[in-house]
Amino acid sequence: MNYRAVFKCIAGCEGEYDLEQAIYRCPKCGDLLEVAHDLAALKQHSADEWKKTFDGRYKRTEWPFGSAVWGKKEWVVPGVRDENIVSMDEGGTNLMWAERFGRELGMDELWIKMCGQSHTGSFKDLGMTVLVSVVRQMIADGKSVRAVACASTGDTSASLAAYGAAADIPTIVILPRGKVSTAQLVQPLANGALVLSLDTDFDGCMAIVQRLSAEEGVYLANSMNSLRLEGQKTVGIEIVQQFDWSVPDVIIIPGGNLGNVSALGAGFDMMEALGLISKRPRLVVAQAAAANPLYLAFKNKWEFQPVTAKPTLASAIQIGNPVSVKKAIRTLQKYNGIVEQATEAELADASARADLTGMFNCPHTGVALAALLKLRERGQIGPRDRVVVVSTANGLKFTDFKVAYHSSTLSGVPTTRANKPVDLPNDYDAVRRAIDTAEERIHAAQ
Ligand SMILES: *Cc1c(COP(=O)(O)O)cnc(C)c1O
Ligand SMILES: [Zn+2]
C-alpha cells in the first residue's frame, strides 16, 4: 500500500510540504503546519481491518510494530523506512482503573493513563521517536542536519537527548535555569547532550531555539514541529484500543504548550474519519493557575492573550505563550471542551490525596486530578461517566516536589497529608510503641 502524508498549513493556505523538509511554519501566512494524511488510501482498509492490524501488533515483538506508536505507522508517518526508525518501545502504557480514588469521588469508572511509564518517564517519547526517526531518514537521504535542538521545561529535553543519543545525532537542549527537576537536568547530561542552561523562562528559551533553527541549521524538536504531534496522537487511539475500541466519556489532560491536547484531538479525528469510532469524548485541559492563558481564554469566549507564567510546582506546564494555542482551541471547540485550573495548594493536595490510594503522581497529574475534583463537585462529571486522566510524567522524576510536600517545606501550600519518617533508636520496644501510637492515631481520626 502506498500511504502518503505531508505538511499543510492549519489556516488552509494552498501548498504541501514534504515531511523531510525542515519547515515549521507556513511560508505564506506564518501559521503552524499539521500533518495531513491521504485518508482515501487509508480507507481502502476497513475500520475492522485497522483494529485487527493494530491489535495484532500491540506489544508484540515484530520490530518496529511492538512500539505502540510504530504499530500504527501507516497513520503516523508512513514514509519512514523501517531501517531509519529510532524506537525504544514507546506507548503501550498502563491504563489503570483507579478503583479506590474513584470510589472516594463517587465514581465507578475513573481510569489513569500512565504515560510516564515510558523510556524517559514522560509522554514526550511518543512524539520524539517519530521526529528523530524522520531526522535520521533526512540524514540518510543526504540532507545536512547540524544538530537537533529544543527548548524545554524538562521532559522534552530528556526525551530528545535519549533518542538523539540512540541515533547518534548531536543534540542541543536549552533549559530555563533552576526551573527543571534534578532528574530532568541529569537525564540529558547523562545522554551526552549539549545542555545550555539559560537565565530565563521557557518562553525565553523557545524564542532562542526558534532563531537557532532559522539561522544556524539546527533542526527544531519542539512540538511546534508537528511531527511530534503525529506520535503523541497515538495516545488517544491507544486509550480507545485498550477499552476494546470503545470511547470514554471524558479525558482530562494537563496542558502547557498545548501540543498534547491538539494531538489527542487529532487521534480522535482520524479514528472518526476512518470509521473506527462514532462518538466523541469530552476533552478537558487542566492548567496551573500560575500559568493559565488557555483558562483565561476559555472564560473569555476563546479570546486568547499570552501571560507571563509565574513559578509553579507543575514546572513542565509553566508556559505563558503556548505555541499550539490555535490548534488547541480548535480541538476544544470540536470536543465540547472545558478548561479548568488548579492553584498550587489544590494541585499538591490532589496529588497527595490520590497518592494515598496507591498512586505516585507528578505535579502535572496533580493539576489534572484537581480539575477532576472540581468537575465532579460541580456535577460536570457524573457518577457513571467513564473518565480518563492522562498522567503525563512519572512521579519519580519529581521527588523534589514529593520530598518538599512530605517535609512540609512548600511555602504557601498546606501539607495536611504529609507523612514523615519516624526516627527511632535500634530498640525493639521503641518500634513496638511507635506502631501502637500510629494505630491509636488512626483510630482517633476515625
Ligand atoms: C510537556 C508536558 C506537559 C504539557 O504538554 P503540552 O503539549 O506542552 O501541553 C504536561 N505534563 C508533562 C509532565 C509534560 O512533560
Ligand atoms: Zn498559511
Side-chain angles (χ1 to χ4, degrees), residues 7-17 23-34 113-118 120-128 150-160 175 179-181 183-184 187 202-203 206 221-226 228-229 231-233 235 252-266 283 285-288 291-295 309 312-328 331-332 339 347 351 361-369 371 389-398 401:
F7 288 127
K8 279 192 179 159
C9 169
I10 61 165
C13 298
E14 289 280 309
E16 293 184 344
Y17 310 94
I23 184 170
Y24 320 106
R25 287 189 180 278
C26 171
K28 295 185 177 133
C29 75
D31 221 327
L32 292 185
L33 301 172
E34 64 190 342
K113 178 60 173 164
M114 302 294 289
C115 294
Q117 295 169 342
S118 182
T120 69
S122 85
F123 75 82
K124 299 295 200 299
D125 295 342
L126 298 173
M128 214 50 90
C150 71
S152 179
T153 53
D155 287 328
T156 300
S157 42
S159 190
L160 180 64
L175 300 175
K179 296 186 176 76
V180 307
S181 77
Q184 289 172 324
Q187 283 180 292
F202 171 80
D203 297 294
M206 192 66 217
N222 282 96
S223 58
M224 191 183 145
N225 182 332
S226 55
R228 287 257 314 274
L229 305 195
Q232 289 172 211
K233 166 182 97 176
V235 71
I252 306 178
I253 189 166
N257 224 4
L258 304 177
N260 212 23
V261 64
S262 310
L264 185 63
L283 299 186
V285 172
Q287 291 208 297
N292 64 352
L294 189 70
Y295 175 76
T312 168
L313 293 162
S315 48
I317 54 175
Q318 187 185 332
I319 297 176
N321 191 11
V323 162
S324 293
V325 65
K326 263 189 156 174
K327 288 183 181 178
T331 300
L332 289 170
V339 186
L347 77 87
S351 170
N361 291 293
C362 81
H364 322 87
T365 307
V367 171
L369 292 169
V389 170
V390 178
S391 173
T392 44
N394 194 312
L396 290 169
K397 291 180 91 166
F398 296 90
F401 158 66

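The first residue in the sequence is number 1, and the count goes up from there. Heavy atoms only: backbone and side chains are in, while hydrogens, waters and symmetry mates are out. The structure presented is a predicted model; accordingly, all values stated were derived computationally and were not measured. Whatever order the structure lists ligands and atoms in, that order sets their numbers, starting from 1.
- Contact detail for Ala158 and Lys397: the closest heavy-atom pair is CB-NZ, 4.0 Å.
- Looking only at atom types and distance, the side chain of Gln232 has a donor-acceptor partner in the side chain of Asn260 under 3.5 Å away.
- Protein residues with a heavy atom under 4.0 Å from ligand 1 are Phe123, Lys124, Asp155, Gly255, Gly256, Asn257, Leu258, Gly259, Asn260, Ala316, Ile317, His364, Thr392, Ala393.
- Here the CZ-CE distance, from Arg25 to Met224, works out to 4.0 Å after rounding to the nearest 0.5 Å.
- At least one side-chain heavy atom of Phe398 sits under 4.5 Å from a side-chain heavy atom of His364.
- The angle Cys9:SG - the Zn ion (ligand 2) - Cys29:SG amounts to 110°, with values rounded to 10 degrees.
- Looking only at side-chain heavy atoms (C-beta outward), Lys326 and Leu258 stay at 4.5 Å or farther from each other.
- There is a side-chain donor-acceptor pair under 3.5 Å between Asp155 and Gln184.
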